[in-house]
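What follows is one structure encoded as structure tokens, with my remarks underneath.
Every chain is numbered from 1 and lettered A, B, ... according to where its sequence line falls, protein lines coming before strand lines.
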2 protein chains.
Amino acid sequence: MKILEAAKRAGLTVKTLRYYANIGMVTPHQDPATSYRDYSEEDVAKLQFVGKARRFDFSVEECRELLGLYEDRNRPSREVKALTLKKVAEIDSRLAELQSLKDELSGLASACDGDHRPDCPILNALSGQT
Amino acid sequence: MKILEAAKRAGLTVKTLRYYANIGMVTPHQDPATSYRDYSEEDVAKLQFVGKARRFDFSVEECRELLGLYEDRNRPSREVKALTLKKVAEIDSRLAELQSLKDELSGLASACDGDHRPDCPILNALSGQT
DNA sequence: ATAGACTTTCCCCTAAGGGGAAGGTAAAGG
DNA sequence: CCTTTACCTTCCCCTTAGGGGAAAGTCTAT
């Protein structure tokens with residue numbers, strides 16, 4: 001099938017499919033005469049796989065790793081689990097970071113009157129004057 | 001003072017200071033003869049301000065806005081508070097998104113044996129075969 | 001005078017594509 | 001058969017917030 005249909009089936013954009021082809025992640029057959037790409041059902045399955053992994057916050061390089069494991073029918077599940085737990089840990093530390101930012105900012109916001117007057121604890125905090 | 005000292009005092013890198021000068025955020029006087037930048041105390045204060053705001057996850061453009069409000073001694077605190085609350089809301093939605101990702105990934109990871117065998121619920125989930 | 005530390009501008013690089021131009025191709029309608 | 005329209009291709013620039021490094025100019029101390 002042609003690129004637009006493959007993109008629709010995978011829930012991705014045509015640009016994304018071309019990008020994945022360029023970086024060698026999902027490489028459909030390409031007609032040398034017209035240079036049209038021709039996606040197989042298996043290509044679409046891989047695209048769907050990558051699309052889901054991306055939505056799980058895996059980077060494109062991590063998706064490439066996962067795809068490699070996915071295609072290796074004999075890989076130990078250990079490796080996949082390790083990658084997943086690493087990603088969970090990353091998400092966890094980002095969560096903690098964002099939570100602490102939110103707490104600080106909320107604290108500042110609630111200390112600020114938010115009226116027409118110029119006095120503002122938020123700016124005071126940012127400028128270091130307590 | 002010269003750029004390295006200003007950078008040290010602000011807790012930023014020299015590259016960052018040049019970048020901020022280029023985009024017109026903090027523009028020190030520049031000797032036309034040598035083209036050396038010359039940072040004043042006020043410049044350093046602004047750099048510190050921007051540095052803190054950046055650590056609070058404000059984008060460079062948002063920092064520019066905050067800096068404008070900071071320099072306007074008559075601005076209503078309302079505007080600063082609005083910007084801050086908007087940022088808090090952004091952080092909140094990112095938190096929710098990450099939390100849901102983490103829950104799903106953790107669920108998959110705990111369903112995976114993580115041993116030498118190839119069967120892997122994580123890959124099964126990603127490939128859509130339930 | 002010269003070595004070493006510092007400065008400048010300039011250019012390329014990052015992640016993951018998006019936007020759009022210029023030009024080739026395919027399917028449908030007249 | 002011809003044309004319109006939809007789709008395809010490559011190519012190039014754009015995004016964030018700077019980092020890395022080259023080449024060349026400047027300052028300071030010896």
Side-chain angles (χ1 to χ4, degrees), chain A residues 1-40 43-44 46-47 49-67 87 90-91 94 97-98 101, chain B residues 1-40 43-44 46-67 87 90-91 94 97 101:
Chain A
M1 78 198 71
K2 283 188 279 192
I3 196 168
L4 182 57
E5 193 187 339
K8 281 179 182 165
R9 286 216 214 172
L12 299 172
T13 70
V14 168
K15 279 282 190 183
T16 300
L17 264 62
R18 288 207 190 97
Y19 176 67
Y20 289 167
N22 285 337
I23 66 173
M25 179 120 80
V26 177
T27 53
H29 175 253
Q30 195 161 18
D31 182 343
T34 67
S35 71
Y36 273 32
R37 294 181 180 82
D38 182 20
Y39 286 83
S40 67
D43 290 330
V44 171
K46 288 189 201 174
L47 288 170
F49 179 95
V50 173
K52 285 194 194 180
R54 288 286 297 130
R55 276 167 230 131
F56 274 117
D57 240 34
F58 285 99
S59 74
V60 164
E61 279 317 303
E62 287 166 333
C63 288
R64 196 197 294 274
E65 257 186 280
L66 285 170
L67 197 53
K87 179 56 57 182
E90 280 175 29
I91 292 178
R94 182 66 181 151
E97 194 180 351
L98 283 178
L101 279 179
Chain B
M1 75 199 76
K2 283 188 280 191
I3 196 166
L4 181 57
E5 193 187 340
K8 281 180 181 162
R9 287 217 213 170
L12 300 171
T13 69
V14 169
K15 279 282 189 183
T16 299
L17 265 62
R18 288 207 189 97
Y19 176 67
Y20 290 168
N22 285 336
I23 65 173
M25 178 120 80
V26 177
T27 53
H29 176 252
Q30 195 161 17
D31 183 344
T34 67
S35 71
Y36 273 32
R37 294 181 179 84
D38 182 21
Y39 286 82
S40 67
D43 290 329
V44 171
K46 289 188 199 173
L47 288 170
Q48 289 171 338
F49 179 94
V50 173
K52 285 194 194 177
R54 289 285 299 131
R55 275 166 232 131
F56 274 118
D57 241 34
F58 285 99
S59 73
V60 165
E61 279 317 304
E62 288 168 331
C63 288
R64 196 197 294 273
E65 257 186 280
L66 285 170
L67 197 53
K87 179 56 57 182
E90 280 174 29
I91 293 177
R94 181 67 181 150
E97 193 180 353
L101 280 180

Closest non-hydrogen atom pair, A/R9 against A/V44: CB-CG1, 3.9 Å
5′-ward residue of the pair B/N22/A/K2 relative to DNA chain C: B/N22
With side chains defined as the heavy atoms from C-beta onward, is the minimum distance between B/L4 and B/K2 less than 4.5 Å? no
Should B/R37 be listed as having a side-chain N or O under 4.0 Å from OP1 or OP2 of C/dT9? yes
Output the rounded distance in Å from CE (B/M25) to C1' (D/dT16). 12 Å
Check whether the side chain of A/Y19 and the base of C/dG18 form a donor-acceptor pair under 3.5 Å. no
When you match A/V14 and A/D31 each to their closest nucleotide on DNA chain C, which lands nearer the 5' end? A/V14
Between C/dT14 atom C1' and B/K15 atom NZ, what is the distance in whole Å? 14 Å
Whole-Å distance, A/E62 CD to C/dA16 P, equals 9 Å
A/L12 and A/G51: which non-hydrogen atoms are nearest, and at how many Å? CD2-CA, 4.2 Å
For the pair made of CD1 in B/I23 and P in D/dT15, what is the distance, rounded to whole Å? 12 Å
Restricting to non-hydrogen atoms, name the atom on A/D38 and the atom on A/D43 that form the minimum distance, rounded to 0.1 Å. O-OD2, 4.0 Å
Please pick, from C/dA16, C/dT7, D/dT9, the nucleotide with the shortest atom-to-atom distance to any side-chain atom of A/Y36. D/dT9
B/T16 side chain N/O closer than 4.0 Å to the phosphate oxygens (OP1, OP2) of D/dA17? no
Is the phosphate of C/dG18, meaning OP1 or OP2, less than 4.0 Å from a side-chain N or O of A/T13? yes
Would you mind reading off the distance between B/E5 atom CD and C/dA5 atom C1', rounded to a whole angstrom? 15 Å
Any side-chain N or O of A/S35 below 4.0 angstrom from OP1/OP2 of D/dT10? no
Looking only at side-chain atoms of A/T34, point me to the closest of D/dA17, D/dC8, C/dA26. C/dA26
Can you check whether A/C63 reaches A/R54 side chain to side chain, under 4.5 Å on heavy atoms? yes
Can you measure B/H29 atom NE2 to C/dT8 atom C1' for me and round it to whole angstrom units? 16 Å
Should A/R18 be listed as having a side-chain N or O under 4.0 Å from OP1 or OP2 of C/dG18? no
A/E61 CD to C/dA15 P: how many Å, rounded? 8 Å
Integer-rounded Å distance: D/dG18 P and B/L17 CG: 10 Å
Can a side chain N or O of A/Y20 be found less than 4.0 Å away from OP1 or OP2 on C/dG17? yes
Taking only N and O in the side chain of B/R54, is any of them less than 4.0 Å away from OP1 or OP2 of D/dG18? yes
